[in-house]
Q: 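Take a look at this one; I'll ask things after.
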Amino acid sequence: MVKFKVPKIELTIPKVAVILIVAMLCAGCVETEGTEEKVLRVVFNEGPDTGGSLDPANSWTGWYVHQAGIYETLFYYDADMNLMPKLASGYKQLNDTDWEIQLRENVNFHDGTKMNADAVLFSLNRVLDPSNSRSSEYSFIKDVQKTGEYTIVIETNDTYAPLIASLVDPVMSIVSPGIVDADKQPVGTGPFKFVSFEPGASLEVEKNPDYWGGEVKADRILIQYNKDSTARTMLIKSGDVDIARDPLQSEYSALQSNPDINVTSRETLRTYFLYVNGGKAPFNDTRVRQALSYAINRQEIVDTALEGVSGIPAKGIFTNTMPWNANDQVESYEYNPEKALELFEEAGITKGTDGKLYYNGEPFTIEIQTYTKRAALQPSAEIITSQLEDIGITTTVTILDSAALTENAVSGNYDFSFAAWSTAPTGDPDYFLSSHYLSTGNYASNWLRYSNPQVDEWILEARTEPDEKKRAELYDKIQAQVQEDAAIMPVFYANEIYALSSDVEGFVMYPNEYTIITKDIGFA
């Protein structure tokens with residue numbers, strides 16, 4: 001039995017003005033009927049975008065309500081990426097397919113309902129329901145049964161080693177079975193309770209006085225959502241918020257030198273990478289994909305588009321923060337235009353007298369498609385364009401919304417698609433590798449047109465291997481092989497940056513990006 005020991009849009013000037021006025025009215029601690037209320041004011045770069053829904057089982061909304069401290073999962077990863085219990089107290093594998101999970105006792109939801117096996121079954125089954133858009137991600141689960149008031153058993157279709165890690169994803173948040181409207185009135189077990197929500201603008205939560213995990217430091221959290229990094233930076237510099245996520249990169253040094261502000265930065269689990277359409281010539285030639293990877297100067301991208309602060313050049317698909325990464329073993333595609341030209345020539349792409357590269361007698365052209373949600377994508381794509389132009393490739397950048405980007409990828413109507421993924425949100429490598437490199441995986445088959453029988457064999461073997469050391473050896477092989485195949489081109493790993501007022505304490509950066517507001521955040 002495994003037991004855990006756990007300690008007891010762009011802004012117009014008028015819009016900016018409104019935000020500042022509201023923030024100033026709410027500044028710091030406020031007097032409420034003779035008592036000082038500790039109000040923490042936060043600005044994030046993005047929030048729930050599922051039509052106003054706050055249901056954690058709805059698409060990726062779970063990330064945002066988890067960030068706000070409303071919901072919790074059975075297990076989680078701490079700041080050092082150690083798997084820990086949250087609403088579970090332990091687990092044991094009964095046989096190849098059955099996993100018993102013991103639940104924490106004496107936990108209540110915000111509505112007073114008891115958190116027990118019935119509540120957990122209610123929550124998990126909401127995700128497993130075929131009508132849920134993400135249910136296919138959990139197709140390895142055959143059944144979930146209650147075996148005691150605080151015990152459940154999850155049965156998988158086949159041996160599936162990452163089962164416990166899969167329960168970390170916020171989509172598997174535990175929801176009160178007494179919930180009336182999960183979209184509008186979220187009810188979880190977290191340190192903060194829901195107060196109000198304005199889609200695209202703000203979310204307010206208040207202290208859960210009966211939180212099972214102990215004292216909650218802040219009385220109230222006011223979260224603003226603002227896509228404009230300049231506006232977020234202005235808000236922290238003026239003292240109108242206490243925490244700003246992803247401030248303007250060019251202001252990094254100024255913020256660091258400000259005695260009233262503390263700046264913290266850490267590598268996350270997010271990789272920015274290029275999908276390559278392996279179903280389209282000449283990108284179906286491994287030599288061409290490798291050549292293109294050698295033609296990209298990752299350090300220049302970090303130094304210019306990221307101003308040297310919000311990322312580091314990527315090697316493999318997993319960031320250095322990911323415990324399962326094999327970055328010390330995989331071949332690095334260091335910037336080497338000479339090597340790129342050699343590989344291009346081997347593949348029949350040659351340089352003309354005009355300095356341009358030609359394929360089948362026509363100029364070799366590449367279109368990079370990307371989307372607007374993450375600010376670093378477009379400037380990075382433009383630098384990649386310049387670098388490919390330097391080697392003789394005619395390159396353009398097309399900005400699309402996410403839906404159009406996906407439609408083009410699935411139809412095969414693209415060359416490169418520049419994206420940003422948290423490649424290990426469950427802390428386990430199977431999540432990303434199965435979807436992107438297993439030949440039957442959604443992105444492998446529908447985006448990359450990638451298939452390698454040896455990689456398939458290793459992925460399927462790793463899923464069923466209970467010994468972590470042997471699993472790690474298999475994942476090392478997989479990472480080395482897919483790096484050589486270059487179906488995906490890692491560009492850089494994201495560094496998360498936060499600027500905090502100097503009187504804020506208890507803030508810890510988690511690499512997963514969805515653990516932000518915790519019970520420990522407060523004022524010195």
Q: I'd like to know whether Asp169 forms a side chain to side chain donor-acceptor pair (under 3.5 Å) with Thr426, so could you lay out the CA-CA distance, the side-chain angles of the two residues, the decisive distance to 0.1 Å, and finally the verdict.
A: CA-CA 6 Å; Asp169 193 310; Thr426 66; over 6 Å; no
Q: Taking it one step at a time, do Ser434 and Arg463 satisfy side chain to side chain donor-acceptor pair (under 3.5 Å)?
A: CA-CA 9 Å; Ser434 286; Arg463 279 185 182 177; 3.0 Å; yes
Q: Take Thr370 and Thr398 through the side-chain contact (heavy atoms from CB on, under 4.5 Å) test and state the conclusion after the steps.
A: CA-CA 6 Å; Thr370 191; Thr398 302; over 6 Å; no
Q: Does any part of the side chain of Thr61, heavy atoms only, come nearer than 4.5 Å to the side chain of Pro56, both counted from C-beta?
A: no
Q: Hydrogens and angles aside, do Asp476 and Gln329 bring a side-chain donor and acceptor to less than 3.5 Å of each other?
A: yes
Q: For the CD atom on Glu331, are there more than 12 heavy atoms of other groups (residues, nucleotides or ligands in this structure) within a distance under 6.0 Å?
A: yes
Q: State, with a plain yes or no, whether a side-chain heavy atom of Thr372 is found less than 4.5 Å away from one of Leu400.
A: no
Q: For a quick check under 3.5 Å, do Asp129 and Ser131 share a side-chain donor-acceptor pair by atom type?
A: yes
Q: Any Lys/Arg nitrogen of Asp285 or Arg287 sitting under 4.0 Å from an Asp/Glu carboxylate oxygen of the other?
A: yes
Q: Distance check, rounded to the nearest 0.5 Å: Lys356 atom NZ versus Asp354 atom CG?
A: 7.0 Å
Q: Between Tyr514 and Pro425, is there a donor-acceptor pair closer than 3.5 Å when you use the side chain of the first and the backbone of the second?
A: yes
Q: Report yes if some heavy atom in the side chain of Pro429 is under 4.5 Å from a heavy atom in the side chain of Phe318; otherwise report no.
A: yes
Q: Evaluate side-chain contact (heavy atoms from CB on, under 4.5 Å) for Lys227 paired with Glu46, printing each intermediate quantity in order.
A: CA-CA 6 Å; Lys227 295 180 180 180; Glu46 59 180 343; 5.6 Å; no
Q: Hey, what's the ring geometry for Trp63 with Trp60, parallel, tilted or perpendicular (30° and 60° as the breaks)?
A: perpendicular
Q: For Ile164, does its backbone N or O pair with a side-chain atom of Ser166 as donor and acceptor, under 3.5 Å?
A: no
Q: Which pair of non-hydrogen atoms, one from Phe197 and one from Gly52, has the smallest distance, and what is that distance?
A: CE2-O, 3.5 Å
Q: Within the supplied structure, the quantity of interest is the number of heavy atoms (other residues, nucleotides, ligands) at a distance under 6.0 Å from Glu468 CD; does it exceed 12?
A: no
Q: Determine which pairs satisfy ring pair (Phe, Tyr, Trp, His ring centres under 6.0 Å) with at least one residue from residues 391-413, sequence neighbours left out, and list them in order.
A: none
Q: Please examine the side chains of Ile154 and Leu163, heavy atoms only from C-beta on, and report whether any two atoms are closer than 4.5 Å.
A: yes
Q: Would a distance-only check, ignoring hydrogens and angles, find a side-chain to backbone donor-acceptor pair under 3.5 Å from Gln483 to Lys315?
A: yes
Q: In plain terms, say whether Lys184 and Asp55 are close enough for a salt bridge, that is, a side-chain N and a carboxylate O under 4.0 Å apart.
A: no
Q: Distance to the ring centre below 6.0 angstrom and angle to the axis at most 45 degrees; does that hold for Lys86 and Phe75?
A: no
Q: Salt bridge or not between Asp158 and Lys142? Use side-chain N to carboxylate O under 4.0 Å.
A: no
Q: Taking all atoms of both residues into account, what is the closest heavy-atom pair of Ser123 and Val175, and its distance?
A: OG-N, 2.7 Å
Q: Please check if the number of heavy atoms outside Lys237 that lie under 6.0 Å from its NZ is greater than 12.
A: no
Q: Roughly how far, to the nearest 0.5 Å, is the CD1 atom of Ile516 from the NE2 atom of His66?
A: 10.5 Å
Q: How far apart are the closest heavy atoms of Ser310 and Gln249, and which atoms are they?
A: OG-NE2, 2.9 Å
Q: Scan side-chain atoms only and decide if Ser435 and Asn442 contain a donor-acceptor pair under the 3.5 Å cut-off.
A: no
Q: Aromatic ring centroids of Tyr294 and Tyr335 under 6.0 Å?
A: no
Q: Show your reasoning for whether side-chain contact (heavy atoms from CB on, under 4.5 Å) applies to Asn82 and Tyr77.
A: CA-CA 5 Å; Asn82 298 305; Tyr77 282 92; 5.7 Å; no
Q: To the nearest 0.5 angstrom, please state how far the OG atom of Ser202 sits from the CZ atom of Phe44.
A: 12.5 Å
Q: Between Thr97 and Thr159, what is the shortest heavy-atom contact and its length?
A: CG2-N, 4.1 Å
Q: Any salt bridge linking Glu484 with Arg289? Criterion: basic side-chain nitrogen under 4.0 Å from a carboxylate oxygen.
A: no
Q: Going by distance alone, is a donor N or O of one side chain under 3.5 Å from an acceptor N or O of the other, for Asn226 and Asn45?
A: no
Q: The test is ring pair (Phe, Tyr, Trp, His ring centres under 6.0 Å); show your working for Trp421 and Tyr443 and say whether it passes.
A: CA-CA 12 Å; Trp421 268 66; Tyr443 290 90; 5.0 Å; yes
Q: Rounded to the nearest 0.5 Å, how far does CE of Met489 lie from OG1 of Thr271?
A: 15.0 Å
Q: Kindly determine whether Glu389 and Gln387 satisfy side chain to side chain donor-acceptor pair (under 3.5 Å), including the steps that lead there.
A: CA-CA 5 Å; Glu389 290 274 0; Gln387 293 171 354; over 6 Å; no
Q: Can you tell me how far apart OH (Tyr225) and CZ (Arg245) are? Round to the nearest 0.5 Å.
A: 10.0 Å
Q: Is there a side-chain contact between Val263 and Tyr252 (heavy atoms, below 4.5 Å)?
A: yes
Q: Under the side-chain contact (heavy atoms from CB on, under 4.5 Å) rule, what do Val508 and Tyr510 come out as? Steps first, then yes or no, please.
A: CA-CA 6 Å; Val508 175; Tyr510 288 74; 3.9 Å; yes
Q: What's the separation between atom OH in Tyr431 and atom NE2 in His436, rounded to the nearest 0.5 Å?
A: 8.5 Å
Q: Is there a side-chain contact between Asn132 and Arg126 in this structure, where contact means two heavy atoms from C-beta onward sitting under 4.5 Å apart?
A: no
Q: Verify whether one side chain among Asn325 and Gln479 offers a donor that lies under 3.5 Å from an acceptor in the other.
A: no
Q: Do you know which two heavy atoms are closest between Trp447 and Ser417, and how far apart they sit?
A: CZ3-OG, 3.8 Å
Q: Is any NZ, NE, NH1 or NH2 atom of the basic residue among Lys470 and Glu473 found under 4.0 Å from an Asp or Glu carboxylate oxygen of the other?
A: no
Q: Please report the shortest heavy-atom distance between Arg449 and Gly278, naming the atom on each side.
A: CB-C, 3.9 Å
Q: Sequence neighbours left out, cut at 3.5 Å: what donor-acceptor pairs do the side chains of residues 337-353 make with other protein atoms?
A:
none

Q: A side-chain contact here means heavy atoms from C-beta on lying under 4.5 Å apart; do Val276 and Val288 qualify?
A: no
Q: In chain order, what residues pass the side chain to side chain donor-acceptor pair (under 3.5 Å) check against Asp485, with sequence neighbours excluded?
A: Tyr450, Asn452, Gln481
Q: Can a side-chain donor-acceptor contact be found between Asn512 and Thr515 if the only test is distance below 3.5 angstrom?
A: yes
Q: Would you check if Ile317 and Ile488 make a side-chain contact, meaning some heavy-atom pair closer than 4.5 Å?
A: yes
Q: Check whether the side chains of Arg298 and Ser332 place a donor and an acceptor atom closer than 3.5 Å, and report yes or no.
A: no
Q: Between Arg270 and Glu513 (salt bridge meaning N to carboxylate O under 4.0 Å), is one present in this structure?
A: yes
Q: Under 4.0 Å between a Lys/Arg side-chain N and an Asp/Glu carboxylate O for Asp428 and Arg471?
A: yes
Q: Under 6.0 Å between ring centres: does that hold for Phe416 and Tyr414?
A: no
